[in-house]
2 protein chains.
Amino acid sequence: MRTLDHPAREQMRLDAVLMALADPVRRHIACRLVESDHDQACFSFEVPVTKSTASHHFRVLREAGIIRQTYEGTSIMNALRREDLDARFPGLLDAVFRAQHLQHP
Amino acid sequence: MRTLDHPAREQMRLDAVLMALADPVRRHIACRLVESDHDQACFSFEVPVTKSTASHHFRVLREAGIIRQTYEGTSIMNALRREDLDARFPGLLDAVFRAQHLQHP
DNA sequence: GACGTTGTTCGATGACCGTCGTAGTACGGT
DNA sequence: ACCGTACTACGACGGTCATCGAACAACGTC
């Protein structure tokens, strides 16, 4: 079984989280996950980049601790690590999501 | 009289704000301003970089709309644009400041 | 087993960023 | 008028980032 590395809750670094969310493509992915209550495969996100670039962005989000990725057949399902994020950096995710919505309604 | 360009409240972009706060030196400056209630000159911040680099960071913070800079003699006084930030991106500054404190108590 | 789907990995490339030193500007004080 | 202080502007350098295409790997299906 293939596995993917995820940082533990205490290992999340604010640098990495803010850097990850500063990119518009990654923020779009993260905000889509905030909105939907169920996991989503990578291909279901409509991002204006190629497959390899999207793969890179998912990896950055995962290594920052923002998403959790699990293999599911040929797909990878992406879930927001909301509990971990809220515990480590309270209010941050909500604020970013709200800000994104205010700017791009 | 010398003047400095500041973005209007509506012109602030989330990209620029998150990008600015992703850098540790700039986040240190911003958090120092959150803590202190009065304006502070550039030289009063103890940052581990040279003058020119610090000047660059202050410019990034100003152009993102995070700080307001005004000339005062030979110095430049820096003030947090808290009202504008809270109006444009509610809760964001507080969340980042709190996260910074949780990580670096 | 062959094929399509889904994503990763590996260079390569161009752009941007943080950093610095040097030179220059503006201002206040002597 | 001169000097020191506070900061900016400019050019340069190295590192990192986003992006891409091509090749590869894993899985399900026919």
Side-chain angles (χ1 to χ4, degrees), chain A residues 1-6 13-33 38-79, chain B residues 1-7 13-33 36 38-79:
Chain A
M1 181 62 173
R2 291 175 290 171
T3 58
L4 289 165
D5 280 348
H6 294 80
R13 286 175 50 249
L14 183 55
D15 277 67
V17 172
L18 290 178
M19 191 64 185
L21 294 176
D23 184 90
V25 173
R26 289 192 292 260
R27 202 164 57 243
H28 173 253
I29 294 173
C31 288
R32 279 277 306 271
L33 283 174
H38 56 292
D39 301 7
Q40 280 186 269
C42 294
F43 77 95
S44 73
F45 296 85
E46 290 162 15
V47 288
V49 291
T50 62
K51 266 196 313 175
S52 52
T53 303
S55 178
H56 159 70
H57 285 311
F58 279 106
R59 182 219 281 255
V60 172
L61 286 169
R62 170 169 48 85
E63 292 181 341
I66 296 176
I67 64 174
R68 167 155 283 127
Q69 296 192 290
T70 52
Y71 284 101
E72 196 118 341
T74 68
S75 297
I76 288 187
M77 300 306 287
N78 302 276
Chain B
M1 182 63 174
R2 289 175 292 170
T3 58
L4 289 165
D5 280 348
H6 294 81
R13 285 174 50 249
L14 184 55
D15 277 66
V17 171
L18 290 179
M19 191 64 187
L21 293 177
D23 183 272
V25 173
R26 289 192 292 260
R27 203 165 57 242
H28 173 254
I29 293 174
C31 288
R32 278 278 305 270
L33 283 173
S36 89
H38 56 292
D39 301 7
Q40 280 187 267
C42 294
F43 76 95
S44 73
F45 296 85
E46 290 162 16
V47 287
V49 291
T50 62
K51 269 197 310 177
S52 51
T53 302
S55 178
H56 161 70
H57 285 311
F58 279 107
R59 184 220 278 257
V60 173
L61 286 169
R62 169 169 49 88
E63 291 181 341
I66 297 176
I67 64 173
R68 168 154 282 127
Q69 297 190 292
T70 52
Y71 285 101
E72 195 118 342
T74 67
S75 296
I76 289 187
M77 301 305 289
N78 301 276

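Values below: all heavy atoms of this structure, side chains included; hydrogens, waters and symmetry mates excluded. Numbered from 1 within each chain, the chains take letters A, B, ... in sequence-line order.
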Report task. Could you tell me the separation between the CG atom of B:L61 and the P atom of D:dT8, rounded to a whole number of Å? Result -> 12 Å
Query raised in the report: Side-chain N or O of B:S55 less than 4.0 angstrom from OP1 or OP2 on D:dT8?
Result: yes
Requested in this report: Check each of A:L21, A:D15, A:L14 against A:L18 using the side chain to side chain contact (heavy atoms under 4.5 Å, CB included) test, and report the only one that passes.
Outcome: A:L14
Query raised in the report: Atom CZ of B:F43 to atom P of C:dC27: distance rounded to whole Å?
Result: 17 Å
Report task. Take B:R2 and B:L4 through the side-chain contact (heavy atoms from CB on, under 4.5 Å) test and state the conclusion after the steps. Result -> CA-CA 7 Å; B:R2 289 175 292 170; B:L4 289 165; over 6 Å; no
Report task. Round to the nearest Å and state the distance from A:L4 atom CG to D:dA26 atom C1'. Result -> 12 Å
Query raised in the report: What's the CZ-P distance between A:F58 and C:dT6, to the nearest Å?
Result: 13 Å
Report task. Verify the distance criterion only: is there a donor paired with an acceptor across the side chains of B:N78 and B:Q69 at less than 3.5 Å? Result -> yes
Query raised in the report: In whole angstrom, what separates B:Y71's OH from C:dG28's C1'?
Result: 16 Å
Report task. Report yes if a side-chain nitrogen or oxygen of A:R59 is closer than 4.0 Å to either non-bridging phosphate oxygen (OP1 or OP2) of C:dG7; otherwise report no. Result -> no
Query raised in the report: Roughly how many Å is it from CG in B:N78 to P in D:dA6, rounded to a whole number?
Result: 14 Å
**Report entry** Rounded interatomic separation in angstrom, taking CG from B:D5 and P from D:dA9
**Finding:** 11 Å
**Report entry** Side chain to side chain, A:R26 and A:H56, heavy atoms closer than 4.5 Å
**Finding:** yes
Query raised in the report: Does any non-hydrogen side-chain atom of A:V47 lie less than 4.5 Å from one of A:H57?
Result: no
Query raised in the report: If the sugar-phosphate is the primed atoms plus P, OP1 and OP2 and the base is the rest, what is the B/S/- string for nucleotides 15-22 of chain C, using protein heavy atoms under 4.0 Å?
Result: ---SBBB-
Query raised in the report: So, do B:E72 and B:D39 sit near enough that their side-chain heavy atoms are less than 4.5 Å apart?
Result: no
**Report entry** A:R32 atom CZ: more than 12 heavy-atom contacts under 6.0 Å
**Finding:** yes
Query raised in the report: Within the structure shown, what part of the strands sits under 4.0 Å from A:A41 by heavy-atom distance: base, sugar-phosphate, or nothing?
Result: sugar-phosphate
Report summary line: Looking only at C:dT8, C:dT6, D:dC7, the nucleotide nearest the B:I76 side chain is D:dC7
Query - Rounded distance (Å) that lies between atom P of D:dA6 and atom CD of B:Q69 - result: 16 Å
